[in-house]
Amino acid sequence: RPLQDALHGDCEKGGSGLTNEGDIYQLETFNIFTTNSKVSQFWNMAYRAIYQINTLLDKSEIFRSANTDLTEEDKTLLTRYENEARWLRGVWYFNLAYLWGDVPLFLHAEQPADIYKPRTPVAQIWEQVIADFTVATALPKRSEYSEEDTGRVTSGAAYAMLGRTYWYNRDFENAYKMLYVLVEGEQKGEYELDPDFATQWLNPNSNLRESIFEIQYVTNGKNWDESTGWNGVWFISSSDGGYGFHLPTQHLLDAFDPEDPRITWTFVRQGDQFVGNDFVTGDANYPSRFFDRKHFVPMSETLNAVSPVYPQDVEMTVYVIRYADVLLMYAEACLEKGNIVGARKYLNQVRKRARESSPLDAKRVIQKYVPDTKPTSLPDITSDNVAEVRLAIWNERRFEFACEGIRRMDLMQQERYGEIMTAVYSNGYATEDVDKGRYYTKERELFPIPQNDIDLSRGALVQNPGY
């Protein structure tokens, strides 16, 4: 998901120049080669995961057939594992459909002949995504799991992803129905906004009430390919031993209300100093850079920690979906169904939490900018104009989820990705990556099918238009 943040105007690639991880720069400029390594990497990752999921489901079916004496408890547990797998498959196919459109659909573990399988129309992919998430709604609620099962896929995660699927496809009627379950319906109270926005970023893997599903990276003390932790070295400054990728932009900062405390949790400034570090954060070669606070793990917590770990192997939470997202999607669904009062209500819940959050980062001893957050900051939206409330919801998503990897998806859903990317290039919103958006075309909103996979398929896979 952080890779996708390079594909809009609020983040830049970073690193040590345009040629450093140049394939990401291709994605930023839309001058994308069909041999792009990042495109191939994600495509292959998705289909490896789907193969593993389908293998589990196939073997589970065989196991059931071979063991007719299973107890009801055994069957219940097996069904739960199957439904969790279906949810994961839904997530992978959601991403494939969103990034590539038509893609091969596999519902069983691939066989050698499947290398020649053609692409399935994207409408059928979305049908399968909905089917997988729908099956997963039979999973236990979050409150029905024991403490040792905290973090597993829940029924709530299935309803949330169903809501996101319908919302992304602008089916607001069905999005409303799915999200209603979590906001006003049978699972109301299973999830709630954390009182302070800061809490989500200070304590990794804490399974807060706002977290509907998160990826929990846990360190194992090893380096690079052997580590199980978050590869944090990519996201930290050179002063902290990092590579300085995934940079929030000045353009994003200028869009924030200066009193918004979420600025603190989006931007690390040069000159900030973290607890335990005897130096300030900086990059002498790029003195105007900001760094991404949501994924920033300072040296004091890695190489200089009491129990040192590699900066390539750190604890980190990456949210797949959290309750604030549910509320803002639900607000938009209410609006598009004609309920502007409901839209404002749920939008304002997110704004209220923001203005009541701390603008101070407890992990920084020097914080160069502290938003002057007051009780009057980020006032409730009161407009009766549908277009104004819609734009307010869209803007709130931008600030709430900055650097969380969903801005590109938002712009695609809002049907204004091209408008924004054209403006990014025309107005020079990128600080370093000056050609960001330069070669945008509507066709290139979708990624190219990796050329190697087309070659292996002997032409069964047909390239996306525009490549």
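Computed from a prediction, not measured in an experiment: that's the story for all the values here.
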Polar side-chain atom of Gln463 near backbone of Ile449 as donor-acceptor pair, under 3.5 Å: yes

Geometric cation-pi criterion Lys337 and Tyr176, 6.0 Å radius, 45° cone: yes

Interatomic distance, Asp292 atom CG to Phe267 atom CZ [nearest 0.5 angstrom]: 9.5 Å

OH/Tyr310: more than 12 non-hydrogen atoms of other groups inside 6.0 Å: no

Closest non-hydrogen atom pair between Ser358 and Pro261, with its separation: O-CB, 3.8 Å

Chi angles and distances behind the side chain to side chain donor-acceptor pair (under 3.5 Å) call for Thr55, Asp58: CA-CA 5 Å; Thr55 298; Asp58 289 347; 5.7 Å; no

Minimal non-hydrogen separation, Thr34 against Pro448, with atom names: CG2-CB, 4.0 Å

From CD (Gln367) to CG (Asp361), nearest 0.5 Å: 5.5 Å

Donor-acceptor contact present, side-chain Ser155 to main-chain Thr137, <3.5 Å: yes

Donor-acceptor under 3.5 Å (Asn169 side chain, Asp171 main chain): no

Any donor-acceptor N/O pair, Thr219 side chain to Asp313 backbone, under 3.5 Å: yes

Sole candidate of Asp384, Asn339, Thr382 that passes side chain to side chain donor-acceptor pair (under 3.5 Å) when paired with Arg344: Asp384

Over 12 non-hydrogen atoms of neighbours within 6.0 angstrom of NZ in Lys188: no

N/O donor-acceptor pair under 3.5 Å between Ser357 side chain and Phe197 backbone: yes

Pro308 side chain near Thr302 side chain, heavy-atom distance below 4.5 Å: no

Atom of Met178, atom of Tyr159 and distance for their closest heavy-atom approach: CB-O, 3.8 Å

Shortest non-hydrogen separation from Glu210 to Glu400 and the atoms involved: OE2-OE2, 4.2 Å

Reported OG-to-CZ distance for the pair Ser377 and Arg351, which is rounded to 0.5 angstrom: 10.0 Å

Under 3.5 Å donor-acceptor, Arg398 side chain and Arg407 backbone: no

Glu190 side chain vs Ser143 backbone, donor-acceptor pair below 3.5 Å: yes

Close aromatic pair by centroid cut-off 6.0 Å: His295 and Trp230: yes

Shortest non-hydrogen contact between Leu57 and Arg89, atoms and distance: CD1-NH1, 3.7 Å

Pair Tyr191-Thr154, side chain to side chain donor-acceptor pair (under 3.5 Å): steps then yes or no: CA-CA 11 Å; Tyr191 306 95; Thr154 62; 2.8 Å; yes

Contact summary for Glu445 and Tyr417, nearest pair of heavy atoms: CG-CD2, 3.7 Å

Stepwise side chain to side chain donor-acceptor pair (under 3.5 Å) test for Gln413 and Asp410: CA-CA 5 Å; Gln413 186 269 350; Asp410 281 4; over 6 Å; no

Leu461 side, atom CG; Asn464 side, atom CG - distance, nearest 0.5 Å: 10.5 Å

Glu214 vs Arg322, salt bridge (Lys or Arg N to Asp or Glu O under 4.0 Å): CA-CA, chis, key distance, verdict: CA-CA 8 Å; Glu214 61 187 54; Arg322 51 190 180 89; over 6 Å; no

From Ile381, Asp380, Asn395, residue fulfilling side-chain contact (heavy atoms from CB on, under 4.5 Å) relative to Leu347: Ile381

Side-chain donor/acceptor of Asp132 to backbone N/O of Trp87, under 3.5 Å: no

More than 12 heavy atoms from other groups under 6.0 Å of OH on Tyr47: yes

Sole candidate of Phe296, Phe235, Trp234 that passes ring pair (Phe, Tyr, Trp, His ring centres under 6.0 Å) when paired with His246: Phe235

Matching residue for Tyr93 among Phe106, Phe133, Trp126 - test: side-chain contact (heavy atoms from CB on, under 4.5 Å): Phe106

Check: Lys13 main-chain N/O paired with Glu28 side-chain donor or acceptor under 3.5 Å: yes

Flag if over 12 foreign heavy atoms under 6.0 Å of CD, Glu184: yes

Lys374 NZ: over 12 foreign heavy atoms closer than 6.0 Å: yes

Whether Trp201 and Tyr319 hold their rings parallel, tilted or perpendicular, with breakpoints at 30° and 60°: perpendicular

Backbone N/O of Ile321 and side chain of Asp325: donor-acceptor pair under 3.5 Å: no

